[in-house]
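Following this message is one structure expressed as structure tokens.
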Amino acid sequence: MMLMVQDLRVTFPLDGKTGLRAVDGVSFDLAPGASLGIVGETGAGKTTIARALLGLHPPGCVQGSIRLDGRELVGLSEEAWRAIRWRRIALVPQSVGTALDPVYRVGDQIAEPLRYHLGLSPAEAWDRSLELARRVGLEPRHLRAYPHQLSGGEKQRALLAMALSCAPDILVLDEPTSGQDMLSRARLLDLLDALCREGGMGLLVISHDLAAVARLTERVAVLYAGQLVEVGPTAEVFQDPRHPYTWGLLHAYPDMSTARDLRGIRGAPPDPANPPPGCRFHPRCTQAIDRCRREEPPLREIGGRWIACHLGGLQTLLRAEGLRKTFFVDGGEPEERVEAVREATLDIREGEVVALVGETGSGKTTLGQMLVGLLPPNGGRVVLEGRELTAAKGKERRAMMSRIQLIPQDPFDAVSPRLTVAEMVREPLDIQAIGTPEEREAKVRQALQTVGLPTSSDFLARRAHELSGGQLQRVVLARALVLEPKLIVADEPVSMLDPSEQARVINLLKEIQTERGLALLLISHDLALVRKIADRILVMHRGQIVEEGPGNRIVTRPEHEHTRVLLEAAPRLG
Amino acid sequence: MRRLGGEVWFGLILLALCSAVAVLAPVLAPYDPRAFSGQPLERPSRAHPLGTNDVGQDILSELIYGARVSLTVALAAGAGTVLLGLLVGGMAGYAGGWLDQALMRLVDGMLSLPRLPLLILFATFLGSGLPQTIAVISFLFWPTTARVVRAQVQSVRQRGYVRMARQFGASHPYVFLRHILPAIGPLIAYGLVTSAGHAVAMEAGLAFLGLGDPLVKSWGLMMRFALNLPGLFLTDRWLWWLLPPALCVTLLILALALMGIGLEQNLNPRLARRWR
């Protein structure tokens, strides 16, 4: 093992007593010729790690152990570090603009480490510089230029040439692609990719550019608030993220193959000077439990992946196995039965937006009603948070029902004509016996505010027939929210509204979904609509789920015949 | 709620009048109805506006106190009928499935039985107290109500908001009391009024046949005593002895029937158009 980092902690003194811990207990290793990506949001501590590897922090800030071929680097003198920088570990820094000295020619700057570290003569050094320049795609004229005469991409290449000059064992790239246009970024990635293949050199890529990391590295470590939350093979981690943070990060990343609107992770990264107790991600996590608020989860191996999560990573919120529903035509022959749902199996993870699409009569609504426990299935089972919903009774059923809510297609049918708005929205709280009457009242007002409805006493006293369809659907949404469910099943929630109101309600639904971190199953016949918000799409046809996949894949490369039919039929203007 | 029609108001006023008489009987009646306040078979006079019966009791007082009996029966038997009907029909309609099938076959069976002979049979065996009368009437008349209630419950049960309440974790009793009962409220009112009407007629009939409580003088019993007098129709005595209780029974039934018709129009807008 060439580089072994163990329990690396970097603390910057803030004032006399307290310190700001930018990196807290990070461990990883890097074999010769291997590559590792470290990804995370701004401020997660990525650059701090890079600088620690080069001994660039003031003495005393770095604790833990960094071993290079068995030799401990933490605590080395500046003298000893100089022998390691450039020759053993080289860094291509993030800020291209300031990393080059403006008063020296670029070629001289590339030659400088050669002369200084390798003791080459000026002529030898210049020759090597020319060769290095060629390797990184620079021409001799670039070497004679001053930094301000080069473009950003060319400067980046010059810095790369410098880093490569002493043939280091480990190359650390800090945000190699930041600030570059897409074309020069692509060329740079090609170049780096080729350099890595030449062999021998360990590569550490630190970036928030997930595509660059995916391209350059075999393994990836996800950093959050100074701690690693997930480590695994890059392709696997990006294909199937297991930690809730990784999942959120990937969904926030724009990708040409994504049709969906970008979604952020709710909340903001914690203040490094004052991180939350327990798991640092818990305030933003959709599945946090009590333990997450108290205990820090260790990074442990779960199924070939290292994950720091008490729950072992993203949880399956709802799982349906082999659901069947057959309706018998009253008084008809045995043949006259309708197999509305045949062996439907699906799962919905925490915080995920899944769309169930299919034409009328494909069994979508029946499936949705079975999932929320409104309709008993003829076969199969529904498991909600590890407990079987289909078998639950009494108190247990009541408790489970508060976790999952339905928004039906027809808002006029979904509310009692005899109740006022306040009574409608309060009903779930009454049933679940939550809080005092005043608390219920407050929750009702809050829910109404969330969905953008007035909370005046005049409005609260209105009845269903005094509201518009859009208002009523919002009331239904507010009613579904008062119990703070984990999953909302929305069955064609906007199909009875006009287009402009449709857009508003869908955006509202999406906003609430992200903000509250709840999972959403959107049942719709409208592919054009669902692809804007769905992470995953299930296609249903004649009572079966015939295709399942990420939204973009379903829309761009449908596999099942019926999906293509649905895509053909999707509305187009012009 | 649609506006109540004229016939409902007419019925209500009649019923209110009848109730007022029943409540204020001690004040209104000139004599204790059991007291032998005059000579037997007196003709109407200033002292006895409707004369006296064959044992010398004041007929007007009897008539006034009779309202109490008829209204008690109307209310109790009406409520009994509706309660039984609501219980069976509500259960059948809400639960569905085999329970629905079983209960509805029971209803069919009950409806196919001839009521009057059964009524007489029951009355004979159970004795002739007022509570027995009420029980027998309730028992014989609930199936009609049960059927109507079941149909309505079945339809309301499928409404989104009723099913949604289950989705919030509500128990079946909650759903039934909070959503289904209010939804079939008008139906219950209608059922109450119509079965009260039936009950009044039935009680009068039973009493008339001599199967009522001989000690509780209802209008039916008065008629029976009047008719027991040999040669009642030979004189004009029937005008003040037989006719007043008969008229009272008729008016009370009419009042209840009119209210029933009005409420039915309220339940079924299609009927309203035909009637108005």
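Sequence lines set the chain letters: A, B, ... in the order given, protein chains first and strands last, and positions in each chain run from 1.
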Quiz item: chain B heavy atoms under 4.5 Å from A:Q369: which part of the residue, side chain, backbone, both or neither?
Solution: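 Interface part for A:Q369: side chain.
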Quiz item: Would you say the side-chain atoms of A:K486 pair up with the backbone N or O of A:S402, donor to acceptor, closer than 3.5 Å?
Solution: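 No.
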Quiz item: A:V372 versus chain B, heavy atoms under 4.5 Å apart: side chain, backbone, both or neither?
Solution: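 For A:V372, heavy atoms of backbone and side chain both lie under 4.5 Å from chain B.
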Quiz prompt | Any donor-acceptor N/O pair, B:S218 side chain to B:G66 backbone, under 3.5 Å | solution =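 A pair under 3.5 Å: no.
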Quiz item: Non-hydrogen atoms of chain B under 4.5 Å away: do they reach the side chain of A:L419, the backbone, both or neither?
Solution: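 Contact with chain B: side chain only.
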Quiz item: For the side chain to side chain contact (heavy atoms under 4.5 Å, CB included) test, which of A:L448, A:V425, A:T420 pairs with A:L460?
Solution: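 That would be A:L448.
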Quiz prompt | Test: A:R319 and A:E321 ion pair at under 4.0 Å | solution =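 A salt bridge links A:R319 with A:E321.
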